[in-house]
Amino acid sequence: MARKHPDWKPDLLRMHREEIGLTLEDTGEKLREIADRHGFNIAANFQTIWGHEKGTVYPGPHYRRAYCRLYRRNEAQLGFRRALPGEDAPVESVPTPTSAERKLPDQPDAVQQALRSIREGTDDVDSEALRNRVIDAWRRHTAGGSVDGPTVILVGGYAGSGKSEFAKFLGGLTGWPILDKDSLTRPLVDQLLVALGGEAHDRSSELYREKVRPLEYRCLMEAAWDNVDCGISTILDAPFISEFSQAEWMQRFQNRCRSKRVSVATIWVECDPESMREYIEFRGAARDAWKMEAWEDYVSGLDLKMRPQGPHFVVDNRLGAAVALVDEARDVLSGGGL
């Protein structure tokens, strides 16, 4: 059954398009250019855009992100959804902006805005210090230098939460390598499951949880330690659900990093179930099939109030808000424009 979008105001898309004098064909061309820059999976044409503006087709996640970049507005301002606390709400009409309002922010400002998505999850961490370290790494990276003393950042969250997008953003800024659990281990995990009598894409069985998953995460962590031992800062991208739930695991990790004189930051990316479902559906990965087949059961098993059991930061990506800021920063850094 199609999901409803009661807060959707499709007329605002047309208003924003007409405000800057674009035809439907022009808009499609601009959206395709944006998709090329950001790696969005869209094939914008005037029929699709017309459907979005008439309210007959709700834009998918990559289309919405592309529209946000084209019109320099967030999803709430474009009428796709309600505004989160602190966001500018949608408007009923589109005023003619001044050139200053349409101007892209400076690169440091755009990066700072995206990194402000990171906030303290516990009282014993300092989000400003982490942002400064990332920005310093970005500046050194773009200048061809390196950062003294390695850093390990763990980016975790439920499937479809946006953790990989945020990890890629941090990696792109700093030049630090990203170790994605699935990219690193998926072919071996699939074959191991088959060899043990299971199914290649099964991530819900007891076989996976007890026999395969521990080895999967061990491979990920050992690869990270190899980097750290070479003085290479590293970003780890994985759900980390079990690990973050264990205070003992978190403390051991902190202790090992401290013994190696490594700075560590744990980031939890939170998201709402509807947005997670949309992104999981959109990527269409075989490993997610069981989630889609039993979505209500899957969601009922998630602890949406979960937080890592140790010092950590939180990125609020409900309704895709944090990823939208990441998109804007990438656009500014790439020199993208209308």
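- Qualifying ring-ring contact (aromatic ring centres under 6.0 Å, His included) partners for Tyr279, counting only residues two or more places apart in sequence or in other chains: none.
- Salt bridge present: Arg287 and Asp182 bring a charged side-chain N and a carboxylate O closer than 4.0 Å.
- Applying the side-chain hydrogen bond (donor to acceptor under 3.5 Å, both in side chains) criterion to Arg283, with sequence neighbours excluded, gives Asp288.
- By the 4.5 Å heavy-atom criterion applied to side chains, Tyr208 and Leu196 are not counted as neighbours.
- Annotation for Asp36: atom CG counts as buried by contact number, over 12 foreign heavy atoms lying within 6.0 Å.
- Listed by chain and number, the residues in a ring-ring contact (aromatic ring centres under 6.0 Å, His included) with His62 are Phe40, Phe282 (sequence neighbours excluded).
- Under the 4.5 Å side-chain criterion, counting only non-hydrogen atoms from C-beta, Pro177 is in contact with Ile232.
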Practice task
Check step by step if side chain to side chain donor-acceptor pair (under 3.5 Å) holds for Asn255 and Arg258.
Solution key: CA-CA 5 Å; Asn255 291 344; Arg258 192 176 297 114; 3.0 Å; yes

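- When the salt bridge (charged side-chain N to carboxylate O under 4.0 Å, His left out) test is applied to Arg213, the partners found at least two apart in sequence or on another chain are Glu243.
- A salt bridge links Glu18 and Arg14; the closest N-O separation between the charged side-chain nitrogens and carboxylate oxygens is under 4.0 Å.
- For the pair Arg318 and Asp316, the salt-bridge criterion is met [side-chain N within less than 4.0 Å of a carboxylate O].
- Side chains of Asn74 and Leu84 form no contact here, defined as non-hydrogen atoms less than 4.5 Å apart.
- Counting only distance, with no hydrogens or angles, the side chain of Asp272 and the backbone of Ser275 share a donor-acceptor pair below 3.5 Å.
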Practice task
Might you work through the side-chain contact (heavy atoms from CB on, under 4.5 Å) test for Arg73 and Leu12, ending with a clear yes or no?
Solution key: CA-CA 11 Å; Arg73 301 288 187 269; Leu12 290 180; over 6 Å; no

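- In summary, of the residues considered (Arg65, Arg64, Arg37), a side-chain hydrogen bond (donor to acceptor under 3.5 Å, both in side chains) with Asp327 occurs for Arg65 alone.
- What you find for Pro239 and Lys181 is that their closest heavy atoms are CD-CE, 3.6 Å.
- Heavy atoms from other residues, nucleotides or ligands lying under 6.0 Å from CD of Glu199 number 12 at most.
- Partners of Glu29 under the side-chain hydrogen bond (donor to acceptor under 3.5 Å, both in side chains) rule, at least two apart in sequence or in another chain, do not exist in this structure.
- Contact record, Ala167 with Asp237: CB-CB, 4.1 Å, taken as the closest heavy-atom pair.
- With sequence neighbours excluded, the residues satisfying ring-ring contact (aromatic ring centres under 6.0 Å, His included) with Tyr217 are Phe240.
- At least one side-chain heavy atom of Asp229 sits less than 4.5 Å from a side-chain heavy atom of Lys260.
- With respect to the salt-bridge test (charged N to carboxylate O, under 4.0 angstrom), the residues Arg133 and Glu128 do not qualify.
- Here the straight-line distance linking atom CG of Leu319 with atom CD of Glu278 works out to 10.0 Å at 0.5 Å rounding.
- Nearest heavy-atom pair across Cys271 and Gly160 is SG-O, 4.3 Å.
- Considering only heavy atoms from C-beta on, Leu78 comes within 4.5 Å of Cys68 through its side chain.
- Salt bridge annotation for Glu281-Arg277: present, with a cationic side-chain nitrogen under 4.0 angstrom from a carboxylate oxygen.
- Considering only heavy atoms from C-beta on, Phe166 comes within 4.5 Å of Val326 through its side chain.
- No side-chain heavy atom of Phe169 sits under 4.5 Å from any side-chain heavy atom of Val323.
- Residues satisfying the side chain to side chain contact (heavy atoms under 4.5 Å, CB included) criterion with Leu130, sequence neighbours excluded, are Ile118, Val134, Ile153, Ala265, Ile267, Phe313.
- Among residues two or more places apart in sequence or in another chain, the side chain to side chain contact (heavy atoms under 4.5 Å, CB included) test is passed with Leu188 by none.
- Scored by the side-chain hydrogen bond (donor to acceptor under 3.5 Å, both in side chains) test, Asn317 finds no partners at all (sequence neighbours excluded).
- Salt bridge annotation for Glu270-Arg307: present, with a cationic side-chain nitrogen under 4.0 angstrom from a carboxylate oxygen.
- The shortest distance between side-chain heavy atoms of Thr27 and Tyr71 falls below 4.5 Å.
- You'll find the ring centres of Phe253 and Trp225 inside the 6.0 Å limit.
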Cut-off 3.5 Å, no hydrogens considered: what does the side-chain donor-acceptor table look like for residues 41-52, sequence neighbours left out?
{"residue": "Asn45", "atom": "OD1", "partner": "Gln47", "partner atom": "N", "Å": "3.1"}
{"residue": "Asn45", "atom": "OD1", "partner": "Thr48", "partner atom": "N", "Å": "2.8"}
{"residue": "Asn45", "atom": "OD1", "partner": "Thr48", "partner atom": "OG1", "Å": "3.0"}
{"residue": "His52", "atom": "ND1", "partner": "Tyr67", "partner atom": "OH", "Å": "2.8"}

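- Around the CD atom of Glu206, the shell of radius 6.0 Å holds no more than 12 heavy atoms that belong to other residues, nucleotides or ligands.
- Contacts of Lys168 classified as side-chain hydrogen bond (donor to acceptor under 3.5 Å, both in side chains), with partners at least two apart in sequence or in another chain: none.
- Looking only at distances, a side-chain donor or acceptor of Glu120 sits under 3.5 Å from a matching main-chain atom of Ser127.
- Residues Met306 and Ser245 share a closest heavy-atom pair of CE-OG, 3.4 Å.
- Screening residues 42-61 for salt bridge (Lys or Arg N to Asp or Glu O under 4.0 Å) gives Arg17-Glu53 as the qualifying pairs, with residues at least two apart or on separate chains.
- A donor-acceptor contact shorter than 3.5 Å links the side chain of His312 to the backbone of Pro308.
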Practice task
Check the pair Ser242 / Gln246 against side chain to side chain donor-acceptor pair (under 3.5 Å), numbers first and verdict last.
Solution key: CA-CA 7 Å; Ser242 175; Gln246 303 174 52; 3.0 Å; yes

